[in-house]
Each structure stands twice: as C-alpha cells, then as structure tokens.
Amino acid sequence: DNYLATDEYTNTTATAVIVEYTVAPVSANGCVGDPLIINATINPEPVIDPSLNGFACSDGSTGLNLATNGVSVGAMEYNIIGGSVPVGLSASAGNVAIPASNVNASYLAADTYTNTNTNALDVVYEVRGVSADGCEGDSEFISITIRPEPVVTPGIVSTVCSAQASGLILSSLASSVAANDYNIISINVPTGAVAAVGNAVIPANNVADNYLNGDTFTNQTNLAINITYTVRGVSADGCESDDEVVVLTVDPEPVIDPNLDDVLCSGENTGITILTDATSVSAASFDILSITPDALLVAGVSNVAPANGVSANYILNDEWTNNASPLPLDVVYEVRASSALGCRGDIENIVLTYNPEPVLNSTLGTTVCSDLPINVNFATNGISVGAANYNLIDVNIPVGVTANGGNATFPANAVATGYITSDLFTNQTNSDLNVVYEVRGVRADGCEGESEFITVVIQPEPVIAT
C-alpha cells in the first residue's frame, strides 16, 4: 500500500501540477477490483535566477538581491545554506549570519569583504528559494567576485622648508593591486601654516600620483608644522582603498625684523645688527644679496660687500657719507635670513637714510698782518646742506705766534658763523707763520660734517731795536 510513497516530481513552473495515478486493487486470490484515480498535486518550487553572479569592490557592498528566474513560482523568502570565503578575503564584522532560514531577498546585499591582494577573489553563497507554500527550491551557488583594492604605501612623509614644494609622490604597495590614480579626500592645515595660492584643489578625484608634488606652505612660526592629507588609491577597476594619512612637515623660516630701517647722520656707522622678529624661528646666518646706495652716497673704505652666510653684525660698521647733496640719501641692503636647518626666509630690504652733512667752504683761509683781526666767518660750500652752527674742534698755534687774550675759546660747540672773526695773533718773527683752525659744520638736527682746516697766515710785524 506504500508503493508510491517515495515518488518524487520536480515542478519548476509557476503553478501546481497534478500527477494522476490509476490504481486497481488486487485480492489475495488475484481478483482485480475497479480502478481508482488518485491525484497528487505537485506544488512548484522556486528556481533561483542563475545570472545573479556579480562583482563588488573590496570593502564595497555585494549589492546582491536574490530573485527567481521569472519562469518558476516566486520565492516568498530564502534559505542561505552556506558561504565559501577563500583565503585572502576578509569578511566584514557586520556581515549577516550564515546559515540562515526564511530571510528576505536583500539579506546578503550589505555584506562586504576586504581584498588587498593583487587579484580578484570569489565569495560563493549557497541559496535556496522558498515559495509561499513552503516549498524549497534546489540550491543555487552565487559567486560574487571581490575585486582588490590598492593599499596606499603607509608612512608617506616629506619634510621641506617653508615655501618649498612638497615633493610628495603617492604610491601603493607592491603586494596589493596597483593604484591607477588617487582620490584626495581632505587636507588639514594647522594654524600658523599658510597655503600657497597655486596649491592643488582638495578634495579631488582620480588624480595622478604627483598631484600634491607642487604644494607649498609658508611657516613663519618658531616650530615645524605638520600638514596632513587623507588619501585613497583607486585601482583600474575603480576600487577605492582605505584612507591613508600622508604627512608633510614644513620647517619654519626666519623672518627678519621689519623695523630695522633707520635715519643716520652722514659718516655714521650703520649700527645695524640684523635681527629676526619675536615670533619666527631664529636665524643662524644671513645672506646680504645686494647693497644699493644712492649714486651720491660715498661708501666707507672698510664697507663690506654682498656675501652669503654672514653673521648678524656683518654690516654693523658700514658707513656712508652724504656730502654732495643737500637732501637725505638712501642705501638699501637686501637681506635674507637662514635657519639652523637651512630654511631661507623672505627677502627684507633694510633702508638706511643718511642725512646730509654740511661741508665747509674750502677757501676760508686768509692772510693778515700781526695784531690784526683775522676776519674769518664760517660758511658752507654752497652745494651741501647749510650749517645751523659750527664746532670749533682745535686751533693749532705755532711757536712764534702769540694769541690775543680776547680770542675765542676752543674747543667750542654750536658757535655762530662769526665766532673767530675778531681773533688776532702777534707774530714778531722774521717770517710768515700759519695758525690752523679745525672746524666742523653742524646741521639743525645735530649731524656734524667732516673737519675743515682753515689756515690763517700771520705775517710778521717789525720790532724796533732797543
């Protein structure tokens, strides 16, 4: 009576199918009874779509949505029988549990796998559809090919001076698939660093490995600053890597104190010790790139020439004379500082303004008789700036000449033009003798000119014999 109990039929259509058996009973005596028709209804089983195989990038969702083939009965839900993950693939911790019964069509859609190898690897799911009647279909093995992601070379760093190009070249590990290009996700520029106007635009996708090579940043602080880029490699298949942080260290540049300009008197030393400002890194040395005086300024005989790697007091003793113009004249020192690490700062122009000095008239000398006033009035040469007053530095009176007791005292400062005009001297020798005055003109601002030596020839007087 159980002869037909193990019969099986496969129904992969969309509807139930009836199998009809005609059965006649037979007695022990061999007598055959009337036949009976027995109907067996075979409910259909879902058939999983055989074209569900797909591709996903490493760390990308499988996007697998289960479905039947469009001919069979639809699946109400699915049973995930198992999964095969090859060596080299890493399943995400958030992937769904397998095996699993009576799950929906999108149960596997969010699964992700990491593939950091050089080749694609397949993850295989064994899946069966279940109809609304609870009929389970045959297993279908669905392969999802996980394409590899590049691994950006860890520890890409570069150290440059302020305002120098980064020199960064991106790369991927040889053990991973090669990066075809890169996505620059973000950049962090800390306070104190200033990006150049022409730096690479960020964020940016599908850029070359040298995209960041020309980036420059100015660091005028006293410490190194780290610029960080977040970067991802992209394979030829478009698979994106994990984030990698690339570090650009920008060493600081010295900043020359912008307040070194000065106004000086003609003939004075510059007195300049080159300094950096209070906030930048200090300078280890300086480059004097050029020295440009006004054409009428006269350089001191021991003035220095432009030179590199000099000390802070290199130009300290330079002096300039302005005795050919009634106007102030400038000398410009073009200076650049270098840190102990060799980082050069911006060029700074130190401008020294030399006020003109009075130049005494070189024809003030005269010849007078013994005991007569010399009648000399101080005066400048008519080309230089005028003198507000004069300094009488010294008077050289030779042996044989006697100064009158009422003569002007010396040395004397800030005296008037006619200060010595009434001086008189007695010469009772038998020859002319020279009295020499050393005089300097003084501007209203106190700038003193160079010494002029005024020679007064004292002719002798006769003396009656007694």
Side-chain angles (χ1 to χ4, degrees), residues 8-19 41-150 176-178 180-181 205-206 232-242:
E8 294 181 359
Y9 295 90
T10 299
N11 178 4
T12 57
T13 70
T15 58
V17 174
I18 296 174
V19 175
T41 300
I42 310 300
N43 285 326
E45 66 176 78
V47 178
I48 302 290
D49 186 348
S51 63
L52 293 180
N53 295 340
F55 296 88
C57 282
S58 174
D59 294 337
S61 299
T62 66
L64 176 57
N65 285 292
L66 302 174
T68 53
N69 64 0
V71 177
S72 75
V73 67
M76 174 66 69
E77 49 200 21
Y78 298 86
N79 293 335
I80 313 300
I81 308 304
S84 173
V85 180
V87 173
L89 277 187
S90 300
S92 170
N95 283 8
V96 295
I98 296 175
S101 298
N102 308 119
V103 300
N104 62 32
S106 62
Y107 184 70
L108 301 171
D111 274 8
T112 63
Y113 297 86
T114 299
N115 179 4
T116 57
N117 299 282
T118 58
N119 57 294
L121 296 171
D122 293 339
V123 59
V124 180
Y125 295 98
E126 182 182 356
V127 180
R128 297 175 188 167
V130 181
S131 71
D133 292 322
C135 294
E136 186 181 60
D138 292 338
S139 288
E140 181 70 30
F141 294 88
I142 303 171
S143 293
I144 302 297
T145 299
I146 308 300
R147 290 170 169 158
E149 65 176 84
S176 75
V177 68
N180 189 64
D181 44 44
N205 291 333
N206 306 117
R232 297 174 189 165
V234 183
S235 70
D237 289 323
C239 294
E240 192 176 51
S241 75
D242 294 339

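If you read the sequence from its start, that first residue is 1, and numbering goes on from there.
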- Task: Return each pair, listed once, that meets salt bridge (Lys or Arg N to Asp or Glu O under 4.0 Å) where at least one residue sits in residues 81-92; pairs must be two or more places apart or across chains.
- Result: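 Every pair satisfying salt bridge (Lys or Arg N to Asp or Glu O under 4.0 Å) with a residue in residues 81-92: there are none.
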- Which pairs pass salt bridge (Lys or Arg N to Asp or Glu O under 4.0 Å) with one or both residues in residues 113-127, sequence neighbours excluded?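 Those involving residues 113-127 are E126-R128.
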What closest approach, in Å, do [X] and [Y] show between heavy atoms, and which atom pair accounts for it?
X: T62; Y: Y113; result: CG2-CE1, 4.2 Å
X: S61; Y: A109; result: CB-O, 3.4 Å
X: A178; Y: P150; result: O-CG, 4.1 Å
X: T118; Y: S176; result: CG2-O, 3.5 Å
X: I42; Y: Y9; result: CG2-O, 3.8 Å
X: P44; Y: C135; result: O-CB, 3.5 Å

- Query: Given N95 and T112, is the side-chain contact (heavy atoms from CB on, under 4.5 Å) satisfied, shown in steps?
  - Reply: CA-CA 7 Å; N95 283 8; T112 63; 3.9 Å; yes
Would you indicate whether the side-chain heavy atoms of [Y] and [X] approach each other to under 4.5 Å?
X: D111; Y: L64; answer: no
X: V124; Y: S143; answer: yes
X: I98; Y: L108; answer: yes

- Report the C-alpha separation of T68 and V47 in whole Å, then their side-chain angles, then the decisive distance to 0.1 Å, and conclude whether the side-chain contact (heavy atoms from CB on, under 4.5 Å) test is met. CA-CA 5 Å; T68 53; V47 178; 5.7 Å; no
Atom pair [atom1]/[atom2] of [X] and [Y] - distance to nearest 0.5 Å:
X: E45; Y: T13; atom1: CD; atom2: OG1; result: 10.0 Å
X: D49; Y: S72; atom1: CG; atom2: OG; result: 9.5 Å
X: I18; Y: T41; atom1: CD1; atom2: OG1; result: 4.5 Å
X: I80; Y: N102; atom1: CD1; atom2: CG; result: 10.5 Å
X: N79; Y: S101; atom1: CG; atom2: OG; result: 4.5 Å
X: Y78; Y: Y125; atom1: OH; atom2: OH; result: 15.5 Å

- Item | Worked check of side-chain contact (heavy atoms from CB on, under 4.5 Å) between V234 and N180 | CA-CA 6 Å; V234 183; N180 189 64; 5.8 Å; no
- Message: Pairing donors with acceptors under 3.5 angstrom, does anything connect the side chains of T114 and D59?
- Response: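 Result is yes, a qualifying pair exists.
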- Side chains of D237 and S235: is there a donor and an acceptor less than 3.5 Å apart?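 No, because no side-chain N or O of D237 sits under 3.5 Å from a partner of the opposite role on S235.
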- Query: By side chain to side chain donor-acceptor pair (under 3.5 Å), which residues pair with S58, not counting sequence neighbours?
  - Reply: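 Expected list: E149.
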- Query: Should T12 and V71 be marked as a side-chain contact (heavy atoms from CB on, under 4.5 Å) after you check the CA-CA gap, both sets of side-chain angles, and the distance that decides it?
  - Reply: CA-CA 8 Å; T12 57; V71 177; over 6 Å; no
- Query: Hey, is the main chain of I142 close enough, under 3.5 Å, to the side chain of N53 for a donor-acceptor pair?
  - Reply: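 Checked: no pair found.
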